[in-house]
Structures are given as structure tokens and as C-alpha cells.
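Only one structure is covered here, and it is reproduced in the block below.
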Amino acid sequence: MTGPRGLRWGLFTVLAFTTLLPFAVLVAASLGRGWFWPDLLPPDFTLENWAALLSGRGRLGPAALSSFGLAVGTGLLAVAVAFPAGRAMARLGGWRRHLAAGAAFLPVAAPPLAVGVGLQYSFLSLGLGGTHAGVLLAHLVPAAGYVSLFFLGIFAVHDDRLEVEARSLGASPRQTLVHVTLPALRRPLIEGFVLGFLVSWAQVPLTLLVGQGVVPALPLEVLSLVQAGQDARAATGALLLVVPPLAVMALAGFALRDRAVVVA
Amino acid sequence: MRRFTPGRPASTGLLFALLLALPVLVGVAYAAAGSVGLAGAGARGLTGAPWMRVLADGGVHAGIAWTLWIAAASTALSTAVAVALAVAFRGSGRLDGAARVLALLPLPIPHLVAAVCGVLILGQSGILSRAGAQLGLVSMPADMPALVADPWGVGLIAALTWKEIPFLALVAFSILATRGTQLEEAARTLGAGPLATFRHVTWPVLWRGMLPAVVAVFTFVAGSWEAAVLLAPSDPLALPLQIMERHTDPALARRGDAFVLVLVALALAALAVLLHERLRARWQVLER
């Protein structure tokens, strides 16, 4: 059912406007100078906010670097945990599979704030409060859940005949993993890393609670800038928060197109 | 030659599952101890006072009800829009492709960014207010109806809906692409009109397939703190904000109350997990 042509164009126009307006507003706020009410567009433009960010002045730059390091670490650790977890869970059947999927879904469904409040004391008593290591481990809680569910889905439909053949031909479990399984699953491994990266990149309450305001992070800086009414700098930080996710989405789109070409 | 057959080490899979859930279980145990005065900064020995205080607090009841309203409204709106988009743009034309790209664009955008955009667009000196001024409808920012931190949570619902549409649209697009066409063609062949086909075929297929994702969105939205902190009012105070407020309260006695609220939030999430798994299992049975 596609509906009348005019209705589809009308819906498309509304969709384009509502989807793109927020991005346009962020760009305008980030580049605008002296943009006060009731001006609909900035009267003048400046690269001041971006220059400050790139030169490391202010807190956005260091916070972005800190967040990037945390996200890369979380992505790598999440894959290291979730790859074997997803594979082991995929071998379960019946009620065991449901129980395992439910357990993996728990850290995904539990609000990070609730998990953070519950875990904060444990982290403090382990000396992890206010440290990058502590925040990374806290981010790993939901990230490992997401990525494990992702690998559970991958291994549920994964054809393991090549691995079985390799083992039958005398390869050790380690050789099979390194020379057969990992190369065959390179793409899901990258996607799993990206998923873990993004969970950490956008994380706010866990960073705040475990990092105790000492560990800088881009989302926390953006939050405090908005609350302080510094819209231009907040918009700059928000755009920076948007760049990695959109880049990943664009790359994923291109990769899919490449694959489609190869398949065709 | 020996033929290798992979085993089914059930214990390994379950151990991994336990490892993933363990931090949440530790958090629950700590919150449970904290809620009865056995742990946490304000702990003074076994007491039921935090439970009594929280359960008798009208502000808590209002906050939970308000949070459920926000989650229900955002989830219902984003589901409706996602279904409309999936039905309207499921074809293979250029307009369909462009619409699908646009619909999915905000998928990886952090909730915080959606909330920042909410402030910049819907705030009293935001873009909407400026557009109103250009049209002569608003003469000063205070004339603009409050859409941020308003009692009905209009700004929060708008931001969360914008953020959740792509995920639900993605699910809806893939359901229609894989399951809808044949059934619809059969219905059309049997003489059903477009509306009857939608009502009796497309909608049931979509709804059944989307339910687990809808439950996931509801749960996520109900527990989201960063959007609420920027867009929600202070009265009634959303559940996530109540947790943070009590958890960071200088009066240590109130911190036990935060643990009670954490348990309430986690109980809601656990209910959603059960519902999600049940629906997923039922859908898998229906797929076979």
C-alpha cells in the first residue's frame, strides 16, 4: 500500500524537515555569532568554537579525547567478552537459551542510572571510583550485554561446517579460532566493536556516577554547557558527539553497497 | 579420519550469561541492602524507614506515573510514525530509498544530543519561538508556551519520539520486507481492498513483529536520565531524576530512599525483560 502520490510527497517533506532540522540547528548554533532572539538565522558566522576545540582550549577537546579512549577500550573489551559469550550461548537450546538471552538482556534493559547507583560503592571500595579504568569497566556492563546479544544472533545462524572440517583435519581449537573462525567473522567483529564503542560514547549516568565528575567525558561537558546556557559551545560538543555515529552509519551503508555489488 | 562434532557445553553458555548479568545482580543486592539501612552512605542498621518514606511519598507516586506517561506517549507516537513510514515507503523507488535513509538517520544519535536539540528548538528562546516571532505570534520569549520542563512533558516526548522512531522504523521496514508481501498479495487476490488488507494483514504482521522492540523502547525511555534532566519539569519529578536527587542528597538519611527507587526502576526493567523474552519466544514459534 503506497498511498496517493501527493500524500507520500507530503509525508516525505515532513520527514525530511523534522529529521534534518535538529542537525541544521546544531550547525547554526555552533557557527553562529551574536545569534539572539528573535533572529531565525545567525546574523554572522564564526569558526571560533571549532578553533577552540581543535586547539585544545577549553574543556571540550580533552573531554572528547577521554571519551574516545574510553569508547575504544570499551569496544575492544566488549568484543573480547561478548564473542565467546555469544558463541557459547548460541550452542544452548530450549529453556537454557531463553535464560541466557534474558540474562544478557538484563544489563541492556536495566537503566544505567539504576545500575550505576547499585554498583558505585563496589567500584569505590575497589579503588575504581573517579578513574578511567572504573568508568571503562562500568561502560562495559551494558556494552558487553548489547554485543553479546549481537553475537548470539550472529552465531545462531553461523554455519560452523568450516570449523568442523578444520578440527576434523587435525587443527587445534586455537588454530581453528585464529585461522578459520576469526577471519570468517571479521565483519561481525568490527560491527561488534562499533556497537560497544557507541554504547560507551553516548553513556552519561554511569560516567557521572563512577567517574564522580573527575573523569572527563564529552557527554558530561555537553550536558553542563547546556545547563549553563552556553548554547554555542554545547552545540559544538553535540555535533562532535554526532560525528562518530554518523560516520559509522555511512561506512556501514557503503560496506553494504560493496557487498551487494560483490554478490551481484 | 576422526570426524569432529562440536559439543554443547551448556554450563559454559550459562556461565557467560551469569557473568554478563552479574554486575546488575551485584547492583540489585547492594541496592536491596541499602534500602533497608544495611549499606550505603546513610546506613544506620536494619530499618524499614526508607521503604515507608518512599511508599508513602505522594511525589514518588506522581513521579512514577509521570515517567510511565512519558514512556507510553513517546513509545506510542514513535510506533505510529514508524508504522506509517514503513507502510508509505516500502517500495523500491527513489523516494522510498531517500525516505528510508532519512527515517534511519537519527538511529545512532545519542539521546543527550536529541535532548540538546529539544532545548534549542522548543525552548522559550528556541527556533520555534523565533519562528513565532517572525510570524508575529510571539512578541517576547515569555509569550512562547512552555514546551521544555512543561507539566505534560511535551518537549521530552517530542525529543524521545524523534530519537526512537528510527529504531522502530528499522524493525518495521525489515518486517514488511521479509514477511508482509506474500500475505498481502494473497489478501488482494481474494478481493480485499487496500484498507482491509492493511487492517487484517499488514497491521497484525507489523504489530506482532514489532512488539519486542516496542517493549524495549518503552523500557529504555522510562529509564533515560540524560533526556529528562534537560527537558523534564521539577514537579512532578521523573523517576530517574528522583533517584539521582536522593542519591546525591547532602542529607545522608535520604540516600537510602534512592536505593528503594533503584529497586523500583529495576523491577520495571525486569518485568520488561520477561515480557520481551516471552513475546520474542512467541514470535519465533509463529515464524516456524
Side-chain angles (χ1 to χ4, degrees), chain A residues 1-3 8 11-12 15-16 19 22 25-26 29 37-40 84-85 88-89 91-92 96 98-107 109-111 113-115 117-119 121-122 141 144-145 148 160 164 167-168 198 202 204-205 219 222-223 226 231 234-235 238 241-242 245 248-249, chain B residues 1-4 6 8 10 12-14 16-18 20-21 23-24 26-28 30-31 87-88 91 95 99 102-103 105-106 108-110 112-113 116-117 119-121 125 127 130-131 133-134 141 194 197-198 219 223 225-226 230 240 243-244 247 258 262 265-266 269 272-273 276-277 281:
Chain A
M1 191 173 79
T2 51
R8 267 168 40 93
L11 192 58
F12 180 82
L15 173 69
T19 302
V25 170
L26 285 180
W37 196 91
D39 292 341
L40 198 53
M89 292 193 300
R91 286 178 180 165
L92 299 173
R96 287 189 180 89
H98 288 302
L99 185 67
F105 191 56
L106 204 56
L113 174 68
V115 175
V117 169
L119 280 181
Y121 183 79
S122 310
V141 174
S148 294
D160 63 355
V164 173
R167 292 297 308 278
S168 300
L198 292 178
V204 183
V222 171
L223 185 62
V226 178
D231 291 351
L241 271 175
V242 162
V248 164
M249 200 165 162
Chain B
M1 188 166 44
R2 186 178 67 88
R3 173 120 190 127
F4 173 78
R8 286 182 176 271
T12 317
L14 290 175
F16 267 116
L18 179 67
L20 294 170
V24 180
V26 169
V28 172
Y30 190 80
V87 171
L95 188 69
L102 279 172
L105 195 63
I109 305 301
L112 176 66
V113 175
V116 171
C117 293
V119 171
L120 295 178
I121 294 172
S125 57
I127 293 296
R130 290 162 194 245
Q134 301 297 324
T197 307
F198 176 78
T219 316
W225 178 78
E226 56 267 47
L230 287 179
I243 294 174
M244 190 63 106
H247 183 64
V262 160
L266 286 170
V273 169
H276 182 274
E277 275 307 301

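What you see is a predicted model; the values in this text were computed from it and never measured. All chains are named by letter (A, B, ...) in the order of the sequence lines, taking the proteins before the strands, and each is independently numbered beginning at 1. When reading the values below, keep in mind they use all heavy atoms of this one structure, side chains included, and skip hydrogens, waters and symmetry mates.
Note: B:F16 CZ to A:L92 CG = 11.5 Å, rounded to the nearest 0.5 Å. Annotation: the span from A:W37 atom CH2 to B:I127 atom CD1 amounts to 12.5 Å, rounded to 0.5 Å. The CD1 atom of B:I109 sits 10.0 Å away from the CG atom of A:L198 when rounded to the nearest 0.5 Å.
With chain B as partner, the option from A:L241, A:L113, A:V115 having the largest number of non-hydrogen pairs under 4.5 angstrom is A:L113. Note: B:P110 leads B:P106, B:G223, B:P110 in heavy-atom pairs under 4.5 Å with chain A. With chain B as partner, the option from A:V242, A:V141, A:V117 having the largest number of non-hydrogen pairs under 4.5 angstrom is A:V117. Your options are A:A85, A:A29, A:A16, A:P111, and the one with the most heavy-atom pairs under 4.5 Å with chain B is A:A85. Among A:D231, A:D39, A:L99, the residue with the largest count of heavy-atom pairs under 4.5 Å with chain B is A:D39. By number of non-hydrogen pairs under 4.5 angstrom with chain A, the leading residue of B:T219, B:L120, B:V28, B:T197 is B:L120. Among B:A31, B:A103, B:P23, B:A265, the residue with the largest count of heavy-atom pairs under 4.5 Å with chain A is B:P23.
Enclosure of atom CZ in A:F12 by more than 12 non-hydrogen atoms of other residues, nucleotides or ligands within 6.0 angstrom is indicated.
For the pair B:C117 and A:P22, the tightest heavy-atom approach, listed with the atom from each and the gap, is SG-CB, 3.6 Å.
Looking at A:L106 and B:L20, their side chains never come closer than 4.5 Å, going by heavy atoms from C-beta outward. For the pair A:P219 and B:E226, the minimum side-chain heavy-atom distance is 4.5 Å or more. In this structure, the side chains of A:V248 and B:P108 stay at 4.5 Å or more apart for every pair of heavy atoms.
Residue A:T19 touches chain B through both its backbone and its side chain, counting heavy-atom pairs closer than 4.5 Å. For B:L105, the parts lying under 4.5 angstrom from a heavy atom of chain A are both the backbone and the side chain. Looking at B:L95, the atoms closer than 4.5 Å to chain A (heavy atoms on both sides) sit in the backbone and in the side chain alike. When heavy atoms are compared at a cutoff of 4.5 Å, A:A144 approaches chain B by way of both its backbone and its side chain.
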